[in-house]
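Before any comments, here is the structure.
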Amino acid sequence: MLNILEEPPFRALNDGNIPFYEVMTCFRIRVTIGNLPPMIYGFVYVSRKGYYHLRLNGNINYRTQCQTFIHEIKHIVADIPKMSYFIGLDMRRCELEANADRVAEAVGQYKAY
């Protein structure tokens with residue numbers, strides 16, 4: 001399983017010397033929190049300019065937002081670079097999503113939000 005905490009975005013966040021949004025900007029990740037349907041916790045996509053847009057549901061609790069953030073970062077560092085184009089609707093049961101959930105759960109046990 002991927003050790004997400006060793007990936008550059010998380011190492012920079014864990015260092016604590018650089019503010020969150022500066023770290024995200026450095027890695028071309030744009031995080032927004034907004035109103036999404038209750039069954040969608042978040043998603044990520046890559047723009048034509050190469051920015052990762054990570055959208056989190058503002059209607060879920062903070063802990064779930066954190067786990068969703070980790071889940072989506074896993075996609076950014078491990079899955080998206082291997083795929084040229086990807087659209088997923090109702091993919092909760094596919095291995096790609098299950099693996100990202102396992103990573104988020106493992107990090108959630110390691111870190112207290």
Side-chain angles (χ1 to χ4, degrees):
M1 182 173 7
L2 173 72
N3 185 357
I4 195 104
L5 296 175
E6 294 301 319
E7 294 297 322
F10 275 102
R11 284 196 319 240
L13 287 172
N14 283 334
D15 181 29
N17 293 326
I18 306 171
F20 175 83
Y21 278 101
E22 288 184 31
V23 172
M24 294 296 100
T25 300
C26 178
F27 290 98
R28 301 178 65 87
I29 301 170
R30 300 207 170 143
V31 179
T32 57
I33 298 174
N35 294 324
L36 296 172
M39 72 289 280
I40 299 173
Y41 291 175
F43 60 88
V44 65
Y45 66 93
V46 183
S47 73
R48 283 189 268 182
K49 294 184 178 183
Y51 286 94
Y52 298 99
H53 292 270
L54 193 160
R55 178 89 184 216
L56 296 172
N57 191 338
N59 298 316
I60 58 177
N61 66 53
Y62 178 72
R63 182 174 178 83
T64 304
Q65 284 179 350
C66 290
Q67 287 185 311
T68 303
F69 174 79
I70 294 164
H71 174 108
E72 300 303 336
I73 291 291
K74 188 273 182 189
H75 287 315
I76 290 171
V77 300
D79 300 327
I80 292 175
K82 297 176 186 172
M83 301 177 187
S84 60
Y85 187 70
F86 185 82
I87 294 179
L89 299 173
D90 194 27
M91 295 186 58
R92 292 176 295 232
R93 291 171 212 74
C94 81
E95 185 58 29
L96 185 76
E97 293 299 314
N99 189 24
D101 284 343
R102 285 190 291 274
V103 169
E105 288 170 15
V107 172
Q109 292 173 5
Y110 170 79
K111 293 187 72 75
Y113 300 105

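The same ILVMFWY cluster, assembled from side-chain heavy atoms under 4.5 Å apart, contains both Tyr52 and Phe20. In terms of hydrophobic clustering, with Ile, Leu, Val, Met, Phe, Trp and Tyr side chains grouped at heavy-atom distances under 4.5 Å, Ile18 and Tyr21 are assigned to a common cluster.
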Stepwise, does the side chain to side chain contact (heavy atoms under 4.5 Å, CB included) test hold for Ile76 with Phe27? CA-CA 10 Å; Ile76 290 171; Phe27 290 98; over 6 Å; no
For Lys74 and Asp79: C-alpha separation, side-chain torsions, deciding distance, then whether side chain to side chain contact (heavy atoms under 4.5 Å, CB included) applies. CA-CA 7 Å; Lys74 188 273 182 189; Asp79 300 327; 2.8 Å; yes
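To the nearest 0.5 Å, atom CG of residue Asn57 and atom CG of residue Asn35 are 7.0 Å apart. Taken to the nearest 0.5 Å, the CD1 atom of Ile60 stands 8.5 Å off from the CG atom of Leu36. To the nearest 0.5 Å, atom CZ of residue Phe69 and atom CD1 of residue Ile29 are 6.5 Å apart. Leu56 CG to His71 NE2: the interatomic distance, rounded to the nearest 0.5 Å, is 11.0 Å. Between the OG1 atom of Thr64 and the CG atom of Asn59 there is a distance of 12.0 Å, given to the nearest 0.5 Å. In this structure, the separation between CD on Gln67 and OH on Tyr41 is 9.5 Å, given to the nearest 0.5 Å.
Ring-plane geometry between Phe43 and Tyr45 is classed as parallel, the angle between the planes falling under 30 degrees on a 0 to 90 degree scale with a further cut at 60.
Listed here is the closest heavy atom pair of Glu72 and Gly42: OE2-O, 3.3 Å. The minimum heavy-atom distance linking Arg28 with Lys49 is given by the pair NH2-O, 2.6 Å. What you find for Pro9 and Val77 is that their closest heavy atoms are CG-CG1, 4.1 Å.
A 4.5 Å side-chain heavy-atom check between Cys66 and Arg63 finds every atom pair outside the cut-off.
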